[in-house]
Amino acid sequence: MKKTLIVFLTLILSACSLPAASSPEPSPTPVPPTATSLPTSAPTATLPSATLPPTSQPDDLFAANFINLPAPVCNGPTPEQTEGPYYTPNTPERNILFEPGMAGERLIVVGYVLDPNCQPIPNAWLDFWQADANGVYDNAGYTLRGHQFSDSQGRYFLETVLPGEYPGRTEHIHVKLQALNGVIHTSQLYFPNVAANTTDGIFDPALIVTLEEREGYYVAYFNFVIAP
Ligand code: FE
């Protein structure tokens, strides 16, 4: 009798638990997320401008600095000059040599690279190097050294500082230029109204930039004319 009761109770318990095991609760049908179900903090396609990476595209640099280049004027081929003792090859590609905290007056140098027929030369290589405001070159690294390529309109843009004088030399910026598959031209740029221009044996007045003084910085204009 006792054994029969145990079997009976076991059967009842089994019967009670079976439905739950064999008929589970139907799981909710998955619902694809909709636009309205996305969290409000989800990232959007448009990043805030503050998070956009800086760009060195010439178009942006000209516009950002309110520079409209006058139409190209050709005054004959740019005179060649010695490269001097301080050229370093393999410079970084950059338009901006100026660094925050750098001594000296900020200077932007702009212009066209032109062929002898006064036509713009796009994609011309320009390599600039210069002394700092104290007349000292960085001959170990690449401070105040950098190359760039003229844009589709033949324009170049350089942001730097006014170079200082050093013994025997007036203020100047060195440059090498080369049209695509052309020869390398080497020259220098000078500044107007510098007393040391008259005592510098290398100085050439044909290489003086047109200097525009702005609030806290200068813009220098110079067009290079080279054989392609
Ligand atoms: Fe020099």
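Counting convention: from 1, in listed order, for ligands and their atoms alike. Atom set for the values below is all heavy atoms of this structure, side chains included, hydrogens, waters and symmetry mates excluded. Keep in mind it's a predicted model, so treat the numbers as computed, not measured.
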Can you list the residues that meet the ring-ring contact (aromatic ring centres under 6.0 Å, His included) rule with Y86, with sequence neighbours excluded?
Y137
Can you sort out the partners of Y217 under ring-ring contact (aromatic ring centres under 6.0 Å, His included), two or more places apart, ordered by chain and number?
none
Hey, what do you get for CG (D127) to CD1 (I184), rounding to the nearest 0.5 Å?
9.0 Å
Atom CG of L177 and atom CD of E80: how far apart are they, to the nearest 0.5 Å?
8.5 Å
Atom pair OG/OH of S150 and Y112 - distance to nearest 0.5 Å
11.5 Å
Residue and atom, protein N/O/S, under 2.8 Å of the Fe ion (ligand 1):
Y137 OH, Y166 OH, H172 NE2, H174 NE2
Quick one: ring-ring contact (aromatic ring centres under 6.0 Å, His included) partners of Y156, sequence neighbours excluded?
F128, F224
